[in-house]
Undergrad: 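Please see the structure below; I have some questions.
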Protein chains: 2
Amino acid sequence: MADSVTSMTPGKENLLFLTDEQLRKGIEAMFFAYRGFTADPDRILEKHGYGRAHHRAIHFIHRCPGTTVNNLLAILGVTKQSLNRVLRTLIADGLVESRVGTRDKRERHLYLTRSGDALEQDLSNAQRVRMRAAYRTVGPEAVAGFRQVLEAMMDPEMQHHFNRLRGNRP
Amino acid sequence: MADSVTSMTPGKENLLFLTDEQLRKGIEAMFFAYRGFTADPDRILEKHGYGRAHHRAIHFIHRCPGTTVNNLLAILGVTKQSLNRVLRTLIADGLVESRVGTRDKRERHLYLTRSGDALEQDLSNAQRVRMRAAYRTVGPEAVAGFRQVLEAMMDPEMQHHFNRLRGNRP
DNA sequence: TTGGAAAGTCAACAACGCTGACTTAAACTC
DNA sequence: GAGTTTAAGTCAGCGTTGTTGACTTTCCAA
């Protein structure tokens, strides 16, 4: 099953178990797959006049209801200005609600409104359909490997954020 | 080994073997991992005043020496104008050579120059270092699964391009 | 020889990153 | 209580990279 990855070109030591060409194929697979990964949401977003930045904000507000702007900045890894531009439109369009913090009134806590949640469902459902189809094609063991490699590829800081999100051990 | 993916929340049917929450984690893993995946090349590109579009062009010209602009357009999935802007700077900077076709003189065949190849080596090496580290962390079976899921996630057209590239069965 | 494909160009625009400077309000710290 | 720090928001401006639309040049092929 793992032959295409573990097999070596003759004459190379087997310790590394991966040639540069095999690594290159992994790189290309990431490129092509990410395009597929974003294609379905992109089509939905376009109809609403939004972009990927809006999707990311919506996704993580759904995932961490009541999160602060600062927390979102850390997860998304963008500047305050970039995020703010997106949040402003989402709030103006009534998809996101910003509530002043009770403990710390400097903070704004972000929530999806009913219509924000509807769009989130729409977006994540489209993405899950593709994911589920891929998962069902390749089987559970491949999926486990997929997740392991992705996690190992993250920057440690992002790995931290990733594991802080719900659903790691469901 | 595959427990974290195959285990089910109690009370749900085991036929699908994946809850929406688990699919969501896969989606988030893609997001965070892709950031790590592009981080190292991005740093190198910045020093040269280039962006990801330049990297993609360089990568596939290296991979398919002598490819035509049209073929590159199909692989990259962008408009002629977007690609042309990038190619123009790469050609002006002496990283890419554009040769008029011999059989069909309308076509331009693209090649990396010596310095173009040097940058490609630099970029792909940085990316391979991370890939190799991730692969070594998780082992060959996980890598096989990783590649399988990625390929299943691609649009069929991109899957076609992916398999047309060298290195599939090394 | 003429139609159409391939390549290139120009203009204009949008999304979404970035930096830098600045304000407001609240919270802390001494 | 005064001063500093922190969270958030805003404005201006810029760069990369994507888009559409219109147009020209070159040149193969029917």
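Letters A, B, ... mirror the listed sequences (proteins, then strands); counts begin at 1.
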Undergrad: Show every salt bridge (charged side-chain N to carboxylate O under 4.0 Å, His left out) that has at least one partner inside residues 116-125 of chain B, sequence neighbours left out.
TA: A/Arg24-B/Glu120

Undergrad: Mind checking side-chain contact (heavy atoms from CB on, under 4.5 Å) for B/His160 and listing every partner two or more places apart, or none if nothing turns up?
TA: B/Arg164

Undergrad: Of B/Asn71 and A/Arg103, whose closest DNA chain C nucleotide lies nearer the 5' terminus?
TA: B/Asn71

Undergrad: Below 4.0 Å from chain A heavy atoms, what is the first contacting nucleotide of DNA chain D and what is the last?
TA: D/dT6 to D/dC11

Undergrad: Can you list, pair by pair, the side-chain donor-acceptor contacts under 3.5 Å of residues 88-103 of chain A, counting residues two or more places apart and other chains?
TA:
from	atom 1	to	atom 2	distance (Å)
A/Thr89	OG1	A/His54	NE2	3.3
A/Thr89	OG1	A/Val86	O	2.8
A/Asp93	OD2	A/Tyr50	OH	2.4
A/Glu97	OE2	A/Arg99	NE	3.3

Undergrad: What is the per-nucleotide protein-contact pattern of nucleotides 8-17 of chain C, from the 5' end, where B denotes a base atom under 4.0 Å from a protein heavy atom, S denotes such proximity for sugar-phosphate atoms only, and - denotes neither?
TA: BBB----SBB

Undergrad: Which class fits the ring pair A/Phe32 and B/His161: parallel under 30°, tilted 30 to 60°, perpendicular over 60°?
TA: parallel

Undergrad: Could you list the residues that satisfy side-chain hydrogen bond (donor to acceptor under 3.5 Å, both in side chains) with A/His59, not counting sequence neighbours?
TA: B/Glu28

Undergrad: Near DNA chain D, counting only heavy atoms under 4.0 Å, which residues of residues 27-45 of chain A show up?
TA: none

Undergrad: Who passes side-chain hydrogen bond (donor to acceptor under 3.5 Å, both in side chains) against A/Arg85, sequence neighbours left out?
TA: none

Undergrad: Given atom CG of B/Leu110 and atom P of C/dA6, what is their separation to the nearest angstrom?
TA: 15 Å

Undergrad: Please enumerate all residues that pass side-chain contact (heavy atoms from CB on, under 4.5 Å) together with B/Thr137, with sequence neighbours excluded.
TA: A/Ala152

Undergrad: Can you run down the side chain to side chain donor-acceptor pair (under 3.5 Å) pairs that involve residues 32-41 of chain B, sequence neighbours left out, and say none if there aren't any?
TA: B/Thr38-B/Arg52, B/Asp40-B/Arg43, B/Asp40-B/Arg130

Undergrad: Once side-chain hydrogen bond (donor to acceptor under 3.5 Å, both in side chains) is applied, do any residues pair with A/Asn84, and if so which ones, sequence neighbours excluded?
TA: none

Undergrad: Using the test side-chain contact (heavy atoms from CB on, under 4.5 Å), find all partners of B/His109 that sit at least two apart in sequence or belong to another chain.
TA: B/Thr68, B/Glu107, B/Tyr111

